[in-house]
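Remember, it's a predicted structure, so these values are computed and weren't measured experimentally. In what follows, every heavy atom counts, from backbone to side chain, and hydrogens, waters and symmetry copies are set aside. Below, read A as the first sequence line, B as the second, and so on, with proteins coming before strands; counting in each chain starts at 1.
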2 protein chains.
Amino acid sequence: MESLSTKERILKEALNLFSVKGYEGVSVAQIASAVGIKPPSLYKHFQSKQEIFEAILKEMTARYRRQAAVMEMNGLDARDDKGLFMEISEVQLIEMGKSLFRYFLHDAYMSKFRRMLALGQYHDPALSNLYIKQFVDEPLAYQGMIFGLLIQGGVLLPEPPQIMALHFYAPIFLLLTLCDCHPEREIEAIEMVEQHIRQFNRLYQRNESSR
Amino acid sequence: MESLSTKERILKEALNLFSVKGYEGVSVAQIASAVGIKPPSLYKHFQSKQEIFEAILKEMTARYRRQAAVMEMNGLDARDDKGLFMEISEVQLIEMGKSLFRYFLHDAYMSKFRRMLALGQYHDPALSNLYIKQFVDEPLAYQGMIFGLLIQGGVLLPEPPQIMALHFYAPIFLLLTLCDCHPEREIEAIEMVEQHIRQFNRLYQRNESSR
DNA sequence: GTCTATAAGAAGATAGAC
DNA sequence: GTCTATCTTCTTATAGAC
């Protein structure tokens, strides 16, 4: 139950390489070497380098969908657990942001996938769509919905929730990009995520009267 | 005074290609073809493909430095024109954000340079540093300074200016990334920049008493 | 399924005529 | 400074033995 099939190991090592050097920057010989086999053996598992790439894309998309439910802001479904969100605290809000940040940055697959999408946009235009959908549009839409509920519940100021989501998520997105380039600044970045959310909370909860 | 030297045309066309397809994705034959010459002729102007790349990097860095003074938030130097900033209005704030957005997105060199840095990070680690410096650290530092002055002047709420700068700039950064991938969403993005800044202004100027 | 050997082509770069 | 012709190396991919 520990061992991966050769096919799976090829996908794993190829993703490792693509996420660091980009599709064009990696040769099939490098992938084979990382797996511990010779290049011709790769072609018993995949018909081409492109097919390896597409298999990664397919698997990561499936993985994202599977984890989406778990994700949904750390197991909270905004529609079903309306009551839960109505009582959201600053601590919960901070935890929501930090866990989102850590998931995108450290989840073994998600972090590599995000880098591969960012680096591989020129190779396959479909990557741009996927990148923006998963790391911009979907987070903003989901958080916008949550903030909409929190406004209805009188927890937050009655400001447009889409922009509120932008204010919440964009700093996290920027700090993720920072950590991708400079992993050594992660501690600083996490500290900023926390300060950001505290300040966000002070701004949007400032009028406590309606609660 | 209109015509560019062959050397300059090589740099121009190479940047065009690198910014779209990445360093590894572009061959010297493609660069030569774009210029209208044959590959061997390139080598009379540059010793290698890598040297072309480095020349672009050098010229763009110089260009950025030259324009930095002009840039500084649309000609305003925060230190010298303290008084000017003390009287900043919402309209000015919006114009500051929009012009920053448009400059990064549309300036013929800046936009290509930004894309080249984003795509080429794996090829040359120095690009990561430059990218983060120019498009994360410097904008945040500069805007943090401005907001610090505006807080001193009693225009804005007394919140940490670094996080305030993050709140101001991160949405612009995210929307730039969006437009890089999906140019057709630029109108939507500019609209969001404006809404974002209006909302930013409402949040941070909410206490008008101290002015 | 893995290997060795090898094909077929594209890449970066050079030699030397004009 | 541009060209044609060529070199070398690397790349993706296949053939066929084991």
Open item on the list: With a 4.0 Å cutoff (strictly under), does any side-chain N or O of B/Lys38 reach OP1 or OP2 of D/dC3?
Closed with: no

- [ ] Report the distance from atom NZ of B/Lys44 to atom P of D/dG1, rounded to the nearest whole Å.
- [x] 10 Å

Open item on the list: Taking 4.0 Å as the cut-off, does a side-chain nitrogen or oxygen of A/Tyr43 come that near to OP1 or OP2 on D/dA13?
Closed with: yes

- [ ] Starting at atom CD1 of A/Ile37, determine the distance to atom C1' of C/dT4, rounded to an integer number of angstrom.
- [x] 15 Å

Task: Phosphate OP1/OP2 of C/dG1: any A/Ser41 side-chain N/O under 4.0 Å - done: no

Open item on the list: What's A/Val26 touching, base or sugar-phosphate or nothing? Going by heavy atoms closer than 4.0 Å.
Closed with: sugar-phosphate

Task: Lys/Arg N to Asp/Glu carboxylate O, B/Arg63 vs B/Glu59, below 4.0 Å - done: yes

Task: Integer-rounded Å distance: C/dA13 P and B/Ile10 CD1 - done: 13 Å

TODO: Using the six-membered ring wherever Trp is involved, compare the ring planes of A/Phe173 and B/Phe173 and label them parallel, tilted or perpendicular (cut-offs 30° and 60°).
DONE: tilted

Task: Among C/dG1, C/dG12, D/dT2, the nucleotide that comes nearest once only the side chain of B/Ser27 is considered - done: C/dG12

Task: Between P of C/dT14 and CD of B/Glu51, the distance in whole Å - done: 11 Å

- [ ] Check whether the side chains of A/Glu51 and A/His45 place a donor and an acceptor atom closer than 3.5 Å, and report yes or no.
- [x] no

TODO: Go through A/Tyr23 and B/Glu24 one step at a time and tell me if the side chain to side chain donor-acceptor pair (under 3.5 Å) criterion holds.
DONE: CA-CA 9 Å; A/Tyr23 179 84; B/Glu24 323 273 358; over 6 Å; no

TODO: Grab the NZ-C1' distance between B/Lys49 and C/dA10 for me, whole Å please.
DONE: 12 Å

Task: Under 4.0 angstrom between A/Ser5 side-chain N/O and C/dG1 OP1 or OP2 - done: no

Open item on the list: Taking the minimum atom-to-atom distance to the side chain of A/Pro40, which one of D/dA15, C/dG12, C/dT2 wins?
Closed with: D/dA15

- [ ] Using atom CG of A/Leu42 as one end and atom P of D/dA15 as the other, report the distance to the nearest whole Å.
- [x] 17 Å

Task: Spacing between A/Lys21 atom NZ and D/dT11 atom P, to the nearest angstrom - done: 10 Å

Task: Within 6.0 angstrom of B/Glu90 CD, more than 12 heavy atoms from elsewhere - done: yes

Open item on the list: Measure NZ/A/Lys7 against C1'/C/dT2 and give the value in whole Å, please.
Closed with: 17 Å

